[in-house]
Colleague: 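Quick one: the structure is below, and I'll ask about it shortly.
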Amino acid sequence: MLTRRHLLTAAATAGFAAALPRPLEKYDYRRALGSPSPMRSGKTVEIALVSQERQVALPCFNGKTLPMWTFTEGAWPPVIRLNHGDRLHATLENKLPRADQLNSIHWHGIRLPNSQDGVPYLVQQPIEPGQRCEYSFVPPDTGTFFFHTHCNTVEQLGRGLMGVLIIDGDTTQPYDADELLLLRDWRVDAEAGEFNSFYTLRGAARAGSYGAVRSVNGAVNPEIRLPAAGDCRLRLVNTDPTRILRIGVEDAEAAVVAIDGVAARPFTLSTWPMAPGTRVDLVIRAPQDGEVARLVDSANEERPVTMARLVGQGAPRRTSYFDPAPLRRSRIPEPSVAGATVLDFVFETSDAGRAFAALGDIKGAEMAPLCMSEKYFWTINGKPWPDHGNARLPPPLAVLARNRSYVFRMRNNTPFTHPIHIHGHSFKRYASTRQKWTPHNVDTFLLLPGEEAHSAIVADNPGDWMIHCHVLEHQESGMMGYFRVT
Ligand code: C2O
Ligand code: CU
């Protein structure tokens, strides 16, 4: 099966492999991708986002109301929907309740102009409480995206400061339904009705701090109603700060049609890893009236978790065999790997990170005496991001010439998995020592322990662009850097 992770033993070699085996392209559905969506100039969509503490009783909070941080009143989260070619004009006002909470918005996965990318200090001054700023851009790509704060992300996103951004225009044929399924945990103490601390040293030095309540669209294992026997698009978004899921669908045929917003030629879903920050668009043939399929996370193989029940309703829509309509091909430029310059990115644990990871289950207070000549647990090419607040900018990890192709040769020398997110560009991932897939685009590359993986970009977007782990406690404890396209 294409989607099965292929576990080759990664040779723990000192240097990088000269070349990695490339997977074969195989498809199990008939139809190829459609032509790219024609980009017309459209309307301007205005939205006012006000970061604020709001008391919200999501169904998964079990009757409790929690002080969430959100961008809008009303339903959480806001969903912005544009047609391809539309301009988004957003205002952000920071009304967060604490004076130390700066704010900005990163439009995750959107290949936008650098000045609109929302990274504090690198491309804009962060917005102080009481201040506001504006973002304005025309997204060049169709698909499923999201946006989130890029300041103290671990707490601000942990409290809910995010929204969804969908750019329409990618279908070749209408589906029978189009549903958004937002996957995330909440760091809540359900009894006390409070948030747990979002950043823990223990979590930061290991796989991150997991939430206690798992939800889809703010509810535990909700029922999602779909037209019976319809071909239904499910847009899965993992906005969790920490958890890496492995999603699958039981009791319905399902195909992957897009990864991180980018159309992929449809292939059968067996299971697919979904790291924080990633999206997967599925098309499933919905169950018959009254029957139930399930969205399942099998990251823990012994204890798979049903995330949502997918229930068929009404008269059957389709009787033909399942051959899901593909989406339209993206406009992301195709890098030329052959002539590309190779850049090495090595992800490692710092000495402090190793020391903390070895300490076992001790409390923050007990750590205090050990604290902490070094609070950085992770490095990229030997360097940690030097400051939680980003104010002291280090030099770029690499300088790239505009419009040339580059191979990012990434190696994970840590015992943990890191979803490596790139800003302003999209990785074409094509070779790995530990995973096997048909080459495809991602903006967040799941890098397994010991893995070496090769992906490529055309450096067509000038500016300073972040590359960081999207396990947010790792990002906040050093695993972050940037490259410059001149
Ligand atoms: Cu979704 Cu730099 O992050
Ligand atoms: Cu990480």
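Read the numbers this way: they start at 1 and go in the same order the structure lists the ligands and their atoms. Keep in mind that this is a model prediction, so the values were computed, not measured.
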Colleague: With respect to atom 1 (Cu) of ligand 1, please indicate if His421 possesses an N, O or S atom at a distance under 2.8 Å.
Modeller: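 Here the distance criterion (N, O or S atom, under 2.8 Å) is not met by His421, so no.
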
Colleague: Within His468, is some N, O or S atom less than 2.8 Å away from atom 2 (Cu) of ligand 1?
Modeller: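 Yes, His468 qualifies, because one of its backbone or side-chain N, O or S atoms lies under 2.8 Å.
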
Colleague: Would you call Asp117 and His106 a side-chain contact if the rule is heavy atoms closer than 4.5 Å?
Modeller: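 Touching, per the 4.5 Å side-chain cut-off.
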
Colleague: Could you identify the N, O or S atom of His108 positioned closest to atom 1 (Cu) of ligand 1?
Modeller: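 The closest N, O or S atom of His108 to atom 1 (Cu) of ligand 1 is ND1.
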
Colleague: For Asp344, is there an ion pair with Arg411 - N to carboxylate O distance below 4.0 angstrom?
Modeller: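 So Arg411 does not pair with Asp344 through a salt bridge.
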
Colleague: Among Lys428, His425, Arg111, which residue satisfies the side chain to side chain contact (heavy atoms under 4.5 Å, CB included) criterion with Pro333?
Modeller: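 Going through the options one by one, the only one that passes is Arg111.
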
Colleague: If you look at His418, which of its N/O/S atoms is nearest to the Cu ion (ligand 2)?
Modeller: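 Sorting the N, O and S atoms of His418 by distance to the Cu ion (ligand 2) puts ND1 first.
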
Colleague: Considering the options His148, His150, His108, which one meets the ring-ring contact (aromatic ring centres under 6.0 Å, His included) requirement together with His421?
Modeller: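 Only one option passes, and that is His108.
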
Colleague: The Cu ion (ligand 2) and His470: any N/O/S contact shorter than 2.8 Å?
Modeller: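 It does not: His470 brings no N, O or S atom closer than 2.8 Å to the Cu ion (ligand 2).
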
Colleague: For atom 1 (Cu) of ligand 1, find the closest N/O/S atom belonging to His470 and write down its atom name.
Modeller: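 Checking each N, O and S atom of His470, the shortest distance to atom 1 (Cu) of ligand 1 belongs to NE2.
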
Colleague: For atom 2 (Cu) of ligand 1, what is the closest N, O or S atom on His423?
Modeller: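 Nearest N/O/S atom: NE2.
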
Colleague: To make sure I understand the geometry: which N, O or S atom in His474 is closest to the Cu ion (ligand 2)?
Modeller: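 It is ND1, the N, O or S atom of His474 closest to the Cu ion (ligand 2).
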
Colleague: Please evaluate residues Ser37 and His84 with respect to the criterion side chain to side chain donor-acceptor pair (under 3.5 Å), reporting the C-alpha separation (whole Å), side-chain torsions for both, the decisive distance (0.1 Å), and the verdict.
Modeller: CA-CA 8 Å; Ser37 162; His84 196 205; 2.8 Å; yes

Colleague: Examine distances only and state if a side-chain atom of Asn412 and a backbone atom of Leu448 form a donor-acceptor pair shorter than 3.5 Å.
Modeller: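 Between the backbone of Leu448 and the side chain of Asn412 there is a qualifying donor-acceptor contact (under 3.5 Å).
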
Colleague: Between atom 2 (Cu) of ligand 1 and His150, which N, O or S atom of the residue is the nearest one?
Modeller: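 Checking each N, O and S atom of His150, the shortest distance to atom 2 (Cu) of ligand 1 belongs to NE2.
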
Colleague: Under 30°, 30 to 60°, or over 60°: which ring-plane class applies to Trp272 and Phe267, parallel, tilted or perpendicular?
Modeller: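 Geometry flag for Phe267 against Trp272: tilted rings.
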
